[in-house]
Structure formats: C-alpha cells, structure tokens
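Okay, structure first, notes after.
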Amino acid sequence: MSVRELVVLGTASQVPTRHRNHNGYLLRWDGEGILFDPGEGTQRQMLRAGVAAHDLNRICVTHFHGDHSLGLAGVIQRVNLDRVPHEVTAHYPRSGQRFFDRLRYATAYRETVALTESPVDTDGVLAVTPGYTLDARRLSHPVESYGYRLTEPDGRRMLPDRLAAHGIKGPDVGRIQRDGSLNGVPLDAVSEIRRGQRFAFVMDTRLCEGVHALAEDCDLLVIESTFLDEDETLATDHGHLTAGQAARAARDAGVRHLVLTHFSQRYADPGEFERQARAAGYEAELTVAHDLLRVPVPKRR
C-alpha cells in the first residue's frame, strides 16, 4: 500500500528548545523518501520517528545555515554505515558546495553508498521520475536559498456511470484505457483528468515570487513562519516570514493543507501562530507543526 505523508523531525529555527529539535522533515511518497533540511540531531530524531536510513532516496537542502544542514554529516555517514542498497541523491545550492563538501567529509568513514551530488543554481526541474517531478525555486534570504516542489503527473479517473451508458465493462475498461478508444467511444467520453498531487517545501525566505510559485495549488505546503505578525519588521530584516504572511500566501495560492513550522524560541504559545494564520484569512486545513508529527498528504480531489 502506498503511503504519502510528512514526518516532522524538528521544528525549531536557529536555536533548539527543550521541546523542539532543529529542522528535519521526511516526505514519504509511495516507495521513496525525501529528507528536507536535516539540522543538528536529525539522525536521532529519525530513530525516534521510526525512519531508517534505507528510507532515504533524496536529500534536499534549502540553504547552508546550520539549523538546516548541520545534520548532513551524521545522516550521510549513517546511510553509508547501513549500506543503503540504492542511490541517494543530494540537492543543495551550488553556491554552498564548499559547505556540502565539508559536511560530507567532516570525519573519517567508509563510503559504501552511491551518493549523487546534484547542486541547484537556477529555477527549474531537478528530477523526473514515474511518480513525480521535482522542481526548485529561488527564495529571498541573506544566503542563497531554494524551495522545492513535487508534482505528480496527472492521471485518469474512470466514470462508472458513463462506462455503463456506453456498455463498457470488464476487460473492455482496460482496453479503452490502454488504446484511447473502443468501438468508436473515445476515452474522454468515459473518464476525466485526475489531477496529480502537489507538495511544496518553503523555508527561510521573505515574501517573493518563489514563495507564490512553489505554493500554487498545493495539496500540502510546509512553510516557515519564524515570527509572529507583530515582529514583521524583524522578520523582513532577517529574511523570514510571519504567520500571517505565510497564511496569506497559502490562501492566495489555494493550498489545501498548510503546515507552519520553523518557530523562533522567543514565543511560548504555539497556538498564537494558528490564531494569526486564521486571522489572515486562511480557512482550509491548518497544522502548527511539532516534533515527531505525521501529516498525511490530503486525498486527491
């Protein structure tokens, strides 16, 4: 059975707290696992969440600030220690290649795994698989930063009432799907487009075109909301979003499920992020993330 869910490993921003680890997010997408922004302590959080090194197929780093990347050294070494049998691909800003190299070879270990480096230096497609297309978009932060988006190919949904009206049943259903028509009946007459699911991951950034492009029509959007709205000037100065800004971007993009994360340690009440997001007009499903949370990707429309 295929599983599509977000496993939240950590939700703190620059400074971890007693209750929040540094960043780390695993997206389970059918048989693949994509690890986003492994901050310090990610390997232990994986253990607590039941995530194995064998679950990882890709690692996506938005930028090279420590709370988003210091866990790379341990994760990469664990992948090699456990002799993961498949290729693992790492995406990260090309401008941070020296940081990636230092983290990859931070200490001595035996390399046993094919780790493919696939740095990002422009907006566009990074990978195309049968299950998804992975894109990157530039964000607005003091250091070069990219957000990531997965888009599932559109499929077809067969319509039982129209199949029955045309007398198509049994093996003929498979034939019309395969051939595109049957006895003069086109596939479009008995089916409709089933839109593929869409997921986006947006970390440290000010509001910019990249945020809106990544969020557009997403089923599940994971986005930073480091600050509350009363600290908007501070957020802009440091290249971050407030809860209200993130929520308005999600509202305008038609996001079905919004996950807020990456919280400053200065705030004691996580509920205030939800209150401000609702006050900003976001009315769909909303989650204020906490460590070790699991969030399913919404069912197809």
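Heavy-atom basis, side chains included; hydrogens, waters and symmetry copies ignored.
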(request) Look at the side chain of Arg94 and the backbone N and O of Ser118, then say whether any donor-acceptor pair between them is shorter than 3.5 Å. (result) no
(message) Looking at Glu152 and Arg4, is there a salt bridge between them, counting it only when a charged N and a carboxylate O are closer than 4.0 Å?
(response) yes
(message) With a 4.5 Å cut-off on side-chain heavy atoms, are Gln276 and Leu228 touching?
(response) yes
(message) I want to check something: taking the side chain as every heavy atom from C-beta on, are Gln77 and Asn80 in contact at a cut-off of under 4.5 Å?
(response) no
(message) Just so I know, are the side chains of Arg256 and Leu220 near enough to count as touching, which here means a heavy-atom distance under 4.5 Å?
(response) no
(request) Decide whether Val288 and Val297 are clustered together by the hydrophobic rule: side chain heavy atoms of Ile, Leu, Val, Met, Phe, Trp, Tyr closer than 4.5 Å, transitively. (result) no
(request) Identify the heavy atoms of Ala247 and Ala280 that sit nearest to each other, and give their distance. (result) CB-CB, 4.0 Å
(request) Mind listing the closest non-hydrogen atom pair of Leu241 and Leu207 along with its distance? (result) CD2-N, 3.5 Å
(request) In sequence, state the C-alpha distance, the side-chain angles, and the governing distance for His86 and Val88, and then conclude on side-chain contact (heavy atoms from CB on, under 4.5 Å). (result) CA-CA 6 Å; His86 52 259; Val88 177; 4.2 Å; yes
(message) What verdict does the side-chain contact (heavy atoms from CB on, under 4.5 Å) test give for Lys299 and Gln197, after you've listed the backbone C-alpha separation in whole Å, the side-chain angles of each residue and the deciding distance to 0.1 Å?
(response) CA-CA 8 Å; Lys299 293 181 179 179; Gln197 291 181 311; 5.5 Å; no
(request) Hey, could you give me the CD/CG distance between Glu192 and Leu159, rounded to the nearest 0.5 Å? (result) 4.5 Å
(message) Does any part of the side chain of Leu56, heavy atoms only, come nearer than 4.5 Å to the side chain of Val84, both counted from C-beta?
(response) no
(message) Measuring centre to centre across the rings, with the benzene-like ring taken for any Trp, is Tyr267 within less than 6.0 Å of Phe273?
(response) yes
(request) Kindly assign one of parallel, tilted or perpendicular to the pair His141 and His65, based on the angle between their ring planes and the thresholds 30° and 60°. (result) perpendicular
(request) Calculate, to the nearest 0.5 Å, the distance between atoms CD and OG1 belonging to Glu216 and Thr151 respectively. (result) 11.0 Å
(message) Main chain of Leu150, side chain of Asp135: is a donor-acceptor contact present, judged purely on distance under 3.5 Å?
(response) no
(request) Locate the shortest heavy-atom distance separating Thr122 from Tyr146; write the atom from each residue and the value. (result) N-OH, 3.3 Å
(message) Go through it in stages, so that I can follow the logic: the residues are Leu35 and Leu9, the test is side-chain contact (heavy atoms from CB on, under 4.5 Å), and I'd like the CA-CA distance, side-chain angles, deciding distance and then a yes or no.
(response) CA-CA 10 Å; Leu35 178 64; Leu9 303 173; 3.9 Å; yes
(request) Check whether more than 12 heavy atoms from other residues, nucleotides or ligands sit under 6.0 Å from atom NE2 of His54, and answer yes or no. (result) yes
(request) Report the C-alpha separation of Ser225 and Thr261 in whole Å, then their side-chain angles, then the decisive distance to 0.1 Å, and conclude whether the side-chain contact (heavy atoms from CB on, under 4.5 Å) test is met. (result) CA-CA 6 Å; Ser225 58; Thr261 188; over 6 Å; no
(request) State, yes or no, whether a side-chain contact exists between Arg195 and Arg300 at a heavy-atom distance under 4.5 Å. (result) no
(request) May I ask you to decide if the ring planes of Phe201 and Phe36 are parallel, tilted or perpendicular, using 30° and 60° as cut-offs? (result) parallel
(request) Before accepting this row, confirm whether a basic side-chain N of the pair Glu117/Arg104 lies closer than 4.0 Å to the acidic partner's carboxylate O. (result) yes
(message) I'd like to know whether His257 forms a side-chain hydrogen bond (donor to acceptor under 3.5 Å, both in side chains) with Asp219, so could you lay out the CA-CA distance, the side-chain angles of the two residues, the decisive distance to 0.1 Å, and finally the verdict.
(response) CA-CA 6 Å; His257 190 159; Asp219 295 284; over 6 Å; no
(message) Quick test of your reading of the model: are Asp188 and Arg156 salt-bridged, counting only N-O distances below 4.0 Å?
(response) yes
(message) Count I, L, V, M, F, W, Y as connected when their side-chain heavy atoms are under 4.5 Å apart, and connections chain through other members. Are Leu260 and Val295 then in the same cluster?
(response) no
(message) Going by side chain to side chain contact (heavy atoms under 4.5 Å, CB included), Leu221 matches just one of Val211, Val255, Leu214. Which one?
(response) Val255
(request) Return the orientation label for the Phe64 and Phe99 ring planes: parallel under 30°, perpendicular over 60°, tilted otherwise. (result) tilted
(request) For the pair Glu144 and Arg138, find out whether any cationic side-chain nitrogen is under 4.0 Å from an anionic carboxylate oxygen. (result) yes
(message) Is it the case that over 12 heavy atoms from other parts of the model lie below 6.0 angstrom from the CZ atom of Arg44?
(response) no
(request) Check the hydrophobic clustering (I, L, V, M, F, W, Y; side-chain heavy atoms under 4.5 Å; chains of links allowed) and say if Tyr105 and Phe100 are grouped together. (result) yes
(request) Over all heavy atoms of both residues, which pair between His63 and Val61 is shortest? Give the atoms and the distance, please. (result) O-CG1, 3.3 Å
(request) Grab the two heavy atoms, one from Thr242 and one from Ala235, that are nearest each other, plus how far apart they are. (result) CG2-CB, 3.9 Å
(message) Check whether Glu224 reaches the backbone of Thr205 with its side chain - one donor and one acceptor, N or O, closer than 3.5 Å.
(response) yes
(request) Keeping the roles fixed (side chain from Asp67, backbone from His22), state whether a donor-acceptor pair exists under 3.5 Å. (result) no
(request) For the pair Arg275 and Asp269, find out whether any cationic side-chain nitrogen is under 4.0 Å from an anionic carboxylate oxygen. (result) yes
(message) By the definition side chain to side chain contact (heavy atoms under 4.5 Å, CB included), identify the one residue from Leu286, Ile223, Val222 that meets it with Val259.
(response) Val222
(message) Quick check: do Leu258 and Glu285 have side-chain heavy atoms less than 4.5 Å from each other?
(response) no
(request) Check the pair Asp154, Arg194 against salt bridge (Lys or Arg N to Asp or Glu O under 4.0 Å), reporting the backbone distance first and the verdict last. (result) CA-CA 6 Å; Asp154 290 341; Arg194 184 196 66 195; over 6 Å; no
(request) Count the heavy atoms belonging to other residues, nucleotides or ligands that lie under 6.0 Å from CG of Asn183, then report whether that count exceeds 12. (result) no
(request) Is it possible for you to say whether Val113 and Leu81 belong to one hydrophobic cluster, with membership spreading through side-chain heavy-atom contacts below 4.5 Å? (result) no
(request) State, yes or no, whether a side-chain contact exists between Met158 and Val190 at a heavy-atom distance under 4.5 Å. (result) yes
(request) Would you list the pairs meeting side-chain hydrogen bond (donor to acceptor under 3.5 Å, both in side chains) in which at least one residue belongs to residues 31-41, sequence neighbours left out? (result) Glu32-Tyr132, Asp37-Thr62, Asp37-His68
(message) Please check: side-chain N/O of Asp204 versus main-chain N/O of His240, any donor-acceptor pairing under 3.5 Å?
(response) no
(message) Using the rule that Ile, Leu, Val, Met, Phe, Trp and Tyr join whenever any side-chain heavy atoms are under 4.5 Å apart, tell me whether Tyr25 and Leu126 fall into a single cluster.
(response) yes
(message) Test your reading of the model: is there a side-chain donor-acceptor pair from Trp29 to the backbone of Gly131, 3.5 Å cut-off?
(response) yes
(request) Of all the heavy-atom pairs spanning Leu187 and Gln177, show the shortest one and how long it is. (result) CD1-CA, 4.2 Å
(message) Is any side-chain heavy atom of Gln97 closer than 4.5 Å to one of Pro119?
(response) yes
(message) Any salt bridge linking Asp252 with Arg248? Criterion: basic side-chain nitrogen under 4.0 Å from a carboxylate oxygen.
(response) no
(message) I'd like to know whether CZ of Arg157 has more than 12 heavy-atom contacts from other residues, nucleotides or ligands below 6.0 angstrom.
(response) yes
(message) Counting only heavy atoms from other residues, nucleotides and ligands, does the tally under 6.0 Å from CZ of Arg137 exceed 12?
(response) no
